[in-house]
Structure formats: structure tokens, C-alpha cells
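Down below is the structure, laid out as C-alpha cells.
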Protein chains: 2
Amino acid sequence: MKNDQRSTTTLHEVANAAGVSPATVSRFLNGTAKVSDDKRKVIERVIGELNYKPNQLAQSLKMGSTRTIGVLTQSLESGYFNKTMTGIEDAMKESGYALLIMSGHWHADEEAERVELLIGRRVDGVAILTGNMDDAQIMGFSRRVPIVAFGRDLHGERINGFCLDNYGAACQAMEYLIEQGHRRIAFIAGPADHVDARARLAGYRDTLARHKLEADPALVVPGDFSESGGLLALNQLLATSQRFTALFACNDLTAYGARLALYRRGIRVPEDISIVGFDDLDSSMYTTPPLTTVRQPLYDVGLCIGGMMLRMLGRPQPEFPAPPLSLMVRESVRRMG
Amino acid sequence: MKNDQRSTTTLHEVANAAGVSPATVSRFLNGTAKVSDDKRKVIERVIGELNYKPNQLAQSLKMGSTRTIGVLTQSLESGYFNKTMTGIEDAMKESGYALLIMSGHWHADEEAERVELLIGRRVDGVAILTGNMDDAQIMGFSRRVPIVAFGRDLHGERINGFCLDNYGAACQAMEYLIEQGHRRIAFIAGPADHVDARARLAGYRDTLARHKLEADPALVVPGDFSESGGLLALNQLLATSQRFTALFACNDLTAYGARLALYRRGIRVPEDISIVGFDDLDSSMYTTPPLTTVRQPLYDVGLCIGGMMLRMLGRPQPEFPAPPLSLMVRESVRRMG
DNA sequence: TTGAAAGCGTTACCAA
DNA sequence: TTGGTAACGCTTTCAA
């Protein structure tokens, strides 16, 4: 017993102990070529005795593939992104690929830096979840590594992307509110530089216009996709003493914050004010009242991303269409009159 | 321009182009030894021109370190674990270490399998977040790779662990409830095989006993750490028409579910029933009413884990004491009489 | 200060 | 079917 400390058995040691050449052991391991029954038996035994595990590092260096895909998320804490990552993880499960995850925190420079890091670590592909980088920048990266980008409409030899129809879903939510008899509908916006936030705002405005309803600019207040932003926004809105019967929040977190602001003032939901959110986070089913919101099929998005990646990497996968957004009608909207 | 496709420049190519030996380039890159000014200049230029980036794979193989630490989490979707991971990520930020994250889904076999995978990928260390493996099993892994384990009191040459005082915090929460005048307090338990869940239950029982209050077994109902479990549990509790004025939920998710069950029946919080949770998830500050709950300093836990890991890996780090749990008094508990 | 060369643990080609 | 051997891209002796 000389291998005391974390010593790792190598292929050579196995070969020596088994009295065969390293090449043969390798062939046995990978099924690359036939090895005779007697040798196979010895090798099998020796591997068991020595508890040999191939060094993936060496394999990667040799084969030019790390069996790792990099994921650029924005925040490890985001329920939004993590659901997607679970999907990616599950899509990759059987393939032997591992996920190297890094966060860009919605900061273009940091995102680019992380992608560089990922490439430096020789990942086989990079999945980019939204973020603030230029499309051009991402296209540039795609010359160095296969990329699948969620939230971007990018396509090319080594890159694929897809978006969800945020605009359409926002319209759908607004239609619902209007159909329930609401006329004065407030909107808490998201970060102005965020594509999805912009699409949702456009959906709000266009639907109002389509119904020839006044789009009172005082009814649109800025938010930042966070609970505290929603709280602030609603306080700000209330301070202007504008009348409104419904509120469309650009995401669920914002809706949570707004809901608390209402609670603080004793304004009931949905009796006094109706609320619609966007995302359908897990907890939205359990708020009081359960939140009516646009469901983003994030897990499926992850599956989709994973599948696209695997396909780019040359592993045939069943196509998985980008899933649609849909309105989850729960209990935060009241039917008027 | 011959390097069209993702071709990667190597150290040798740089050396050739610069008219020096690979060794010199390597020395320049690592500052391992002095290189003369003229050579240094050429090398610098060539590296820029060729956009050379060292192959980390080759470096790792040579140096025996991947600068990667594996993290065994239980679920990528868990707000609980992800907060911790953010802490780990931040602790590692400057060190050049990357995180290879895998999920065990609270299943001992799967956890062990993931750790094997991590070791196979030659991570420099593994951080284990709770989970269901035996302590012995984990000690076993520690002979192969340095480990820091959260939620375990393990110590050894290549392993360090720490727990948070769930028992004490549960007692603290119960003391608060009693102090507020509550006498009949219900408890929604967590998974019976979960250490933390057990500690919290023990805290509930012992505090009752310490105050000579009846521990009515009908008042403790099983849950599973999820919202739906909390909802079910509370319905079950209500079905027995037991009297109680307060509810201690073994975690926040459970509290959310219970709160919805109450809402459904028009039972007000905290006027009719008071609720205390455990974890202090981000959204607990924004529930209606904001939830009084035990705060787990998960981000700091992550920092702590990261620091311990770095120290084990031979990088001196300032010690970071395991942070204490504390009760966040908000608005879900009513003062009786 | 520099270069040649050995080696990290694999895989795969070429002979045998 | 097997073994020898040359890579993969890097770091680090050892000499010069």
C-alpha cells in the first residue's frame, strides 16, 4: 500500500500491473478495438484493485473536448435564471456534459470577461442567458466557440438564439385586463435598457392604443425588476393620486413589491386594485391572493437551450420548439362592474 | 490569415514567431524567471498579434490543479442554496477559481455519484451543501479531495465542516411566540430525515416543555419544506379543528403555503393566526403581511465556505466566523391579549 | 538569461 | 490483437 495520499492511479500503472501496454488498456476502456478475453479479464481486475479512474484532464487535452459547457447567467440568486439552468442541467444530464456557471450581473463588461474566462477554460460551448452585451460582441465570441443565446435573435454557423414573445404576452395580459372591464391601467416598467422590459411596455401601450384607451403617461412609473423597485414605484404612483383600477407589473418581483405597498395602505387586492405580473415565479402561486401573471416556461427554455447546444456539438437531439408564453389567470384581478 | 476557424494559438507558435524558445515565453507569462527586455518586448507584441491565450487544460494537467472547485448543491432552483452559492462565488472571485456545480436533489446515491463526477473532473476541492449522504461517506471522499461541508460537523486533515444552530434559533423563535402571549402553537415539520428539520422540531418541543406548556401532538403536522406541503399541512391541521393561535413553520416555503391555506378560508394573519417561518428568503420581506422568520445568513455562509476552501487549498484567507441565526421580527405575529 | 528536453495522463497511428 | 511512440500544450528541471 504505497498510495496513501490522494495519489491517483494512471493508465500506465494499470498497464504495468496487468502486464499489457497502455494502448491496450486505453482500447479496453474506450472499446476502440478488440482486446482478447484473457487480457480483458486481467485489465478489468487490475482496474478494480487499483480503483483506477481515467484523468479527464488528460483526456480533454488529447481529444480537444472538455465535455463542459459554460453558462453565462446573470445572477445565481435569480429564480428566473435558475429555473432555466435546471432545464439546461436536465437536458445535459445523460450526455456527460457538465456545466461551468458564471454570473455577469447584467453588466456587459463583466459578461464579456466571464465569457473569456469560459473560453479560456476551453468549454465546448457557451450558453448565454440574456444579459447586456451587444449582439455584435456575441457574434464575435461565436467565432471562437459555439454559442446558444437566449433572449437574442442571433443565427449563424456556430450560433443559435431564440427569444420568447414578450410583446405578444404583454398584449395578451392587457387584453385580459381590458376584457375584465379595466380602463385605467397603471404600468410599472423595468430597466429601460432591457429588451424584455421594453417589449412589455410596448405591449402595454399598443394594447391601450388598439382599444382607443387613453395612455396616460402619469400611469407609467419606472421600476427595476425588483421588489423594492415595485414598492417604490407604487408609492410614487399613489403619491400622484392618479385614479386606476388595475396595475400591470413588468415582472413578478415588481408585483410583490407593489402588492406590499398596497397592503401597507389598506388597499385590497383585487377588490380595490387588480394586479397582473410577468414571469410566474414559483411563489406567485402562493402569494395572497395568488397572482395572475404571464407564465414564462423557463424550465422548457432550459431544455431547449440544452438541446440546441447538444445539436451544435454534433449530438443529434429531438427538436424542442421554443415554448409559448401564456397567461395564468389566478386571483389578483377583479372583474369590473 | 491562416487561422480561420476556432484555431487556437499555442505557446510554441508564439515562441516561433518571436524567435525564442517556448520556455522563455512560458517564463515571461508566469514571471518565473527574468527575461531580457528585448525578448520581452517581442513576445509581448507577438502575443498581442496572435491573440494568444494559454490553454488552461494543458496548464492544469501539468500543474496538477484545475483551479476549479466543485459544488454539490441540492437543487439549482433553491433560493436557499443559491444564496449560499453566490457567497461562495464571491469568496472565490479574486482567486481565479471557477465553480463546477452539480445537484444531488436530496438523494444520497445521486449525491455520491455527483461527487465522483466532480472528482473525476479533478476539481481541487468539493463544497458539499447539506444533503443526505452519510458522514462516513463524506469522510471517505475527503481522502481523495479536500472537502468543506456545510451542515455537517466534520473535521479532519482534508475536511472541514460547520453547522448553523438550527436548534437554538428554533428555540428563540418559540420564545418570541410565547413572550407574545401565544400558548397553543402549531408546528409544521420538515422531512423527518433532515437534520435541520429535526433540530427545529426539537427546538419547538423543548421550548414548550421549558415553559411547561402542553405539547399537543395533534398540533404538529408533517410537511416537506415546500409551499404545497405547507398548504396541505395546514388544511390537515384545520380539519382536526384544533385550537391554536400561532403557527411555527419549519421553513419559509412551508409558511407561504400555510398562509395561502389561511387566506382561502378567510382566516387573517396575524389577527386570527400568527405565523413564524424559518430561512428568511428574499421574498419573505414582501409577503402580506411581511413574514416574521428566522434569518439564515446564507450569503455569509457561502463566504465562509469559500474562505475555508481557499485556506485548505493553501491560500491564506482571513477567518470568517460562521454567522449566527437571528429572528427577524416583522408583521406576521400578533401580541395576544 | 536562455534553450533543449522530459514529462503531466491520455489517445491513436503505424507496424508487427 | 497488440505494443511502441508520437502527439495534445504546457511547465520546469538541467545545462549552457
Quick note, side-chain hydrogen bond (donor to acceptor under 3.5 Å, both in side chains) partners involving residues 25-34 of chain A, not counting sequence neighbours, are A:Ser26-A:Asn30
The criterion is salt bridge (Lys or Arg N to Asp or Glu O under 4.0 Å); which residues satisfy it with B:Lys41, sequence neighbours excluded? none
Please list each protein N or O that sits under 3.5 Å from an N or O in nucleotides 9-11 of chain C, with the distance.
| unit_1 | atom_1 | unit_2 | atom_2 | d |
| --- | --- | --- | --- | --- |
| C:dT10 | OP1 | A:Tyr52 | OH | 2.7 |
| C:dT10 | OP1 | A:Asn55 | N | 3.0 |
| C:dT10 | OP2 | A:Leu11 | N | 2.6 |
| C:dT10 | O5' | A:Tyr52 | OH | 3.3 |
| C:dT11 | OP1 | A:Asn30 | ND2 | 3.2 |
| C:dT11 | OP1 | A:Gln59 | NE2 | 3.0 |
| C:dT11 | OP2 | A:Ser26 | OG | 2.8 |
| C:dT11 | O2 | A:Lys62 | NZ | 3.3 |

Is a salt bridge present between B:Glu89 and B:Lys93, judged by a nitrogen-to-oxygen distance below 4.0 Å? no
In this structure, which one of A:Val71, A:Ile88, A:Ile69 forms a side chain to side chain contact (heavy atoms under 4.5 Å, CB included) with A:Ile101? A:Val71
Sidechain N-carboxylate O distance under 4.0 Å for B:Arg40, B:Glu44: no
Extract all donor-acceptor atom pairs below 3.5 Å that involve side chains of residues 132-141 of chain A and protein atoms in other chains or at least two apart in sequence.
| unit_1 | atom_1 | unit_2 | atom_2 | d |
| --- | --- | --- | --- | --- |
| A:Asn132 | ND2 | A:Trp106 | O | 2.5 |
| A:Asp135 | OD1 | A:Arg152 | NH1 | 2.8 |
| A:Gln137 | OE1 | A:Asp134 | N | 3.4 |

Report the residues that fulfil side-chain contact (heavy atoms from CB on, under 4.5 Å) with B:Asn16, sequence neighbours left out, ordered by chain and then residue number. none
B:Met102 side, atom CE; B:Glu110 side, atom CD - distance, nearest 0.5 Å: 11.0 Å
Quick check on the helix from C:dT1-D:dA16 to C:dA16-D:dT1: what's the angle between its two end axes, five base pairs per end, to the nearest 10°? 40°
List in chain and number order the residues that pass side chain to side chain donor-acceptor pair (under 3.5 Å) with A:Thr130, two or more places apart in sequence or in another chain; answer none if no residue qualifies. none
Tell me whether the OP1 or OP2 atom of C:dT1 has a side-chain N or O from B:Ser36 closer than 4.0 Å. no
Taking 5' to 3' order, which nucleotide of DNA chain D is first and which is last to have an atom within less than 4.0 Å of a heavy atom in chain A? D:dT1 to D:dG9
Across all chains, not counting sequence neighbours, the side-chain contact (heavy atoms from CB on, under 4.5 Å) partners of B:Thr66 are A:Leu57, B:Ser60, B:Thr68, B:Arg122, B:Asp124
Could you list the residues that satisfy side-chain contact (heavy atoms from CB on, under 4.5 Å) with A:Arg45, not counting sequence neighbours? A:Val42, A:Glu49
Side chains of residues 79-86 of chain B: which donor-acceptor partners sit under 3.5 Å, not counting sequence neighbours?
| unit_1 | atom_1 | unit_2 | atom_2 | d |
| --- | --- | --- | --- | --- |
| B:Tyr80 | OH | B:Gln296 | NE2 | 3.4 |
| B:Asn82 | ND2 | B:Leu76 | O | 2.7 |
| B:Asn82 | ND2 | B:Ser78 | O | 3.1 |
| B:Lys83 | NZ | A:Glu77 | OE1 | 3.4 |
| B:Lys83 | NZ | B:Asp282 | OD1 | 2.5 |
| B:Lys83 | NZ | B:Asp282 | OD2 | 3.4 |
| B:Thr84 | OG1 | B:Tyr80 | O | 3.4 |
| B:Thr86 | OG1 | B:Asn82 | O | 2.9 |

Can you list, by residue number, the residues of residues 39-46 of chain B that have a non-hydrogen atom closer than 4.0 angstrom to DNA chain D? none
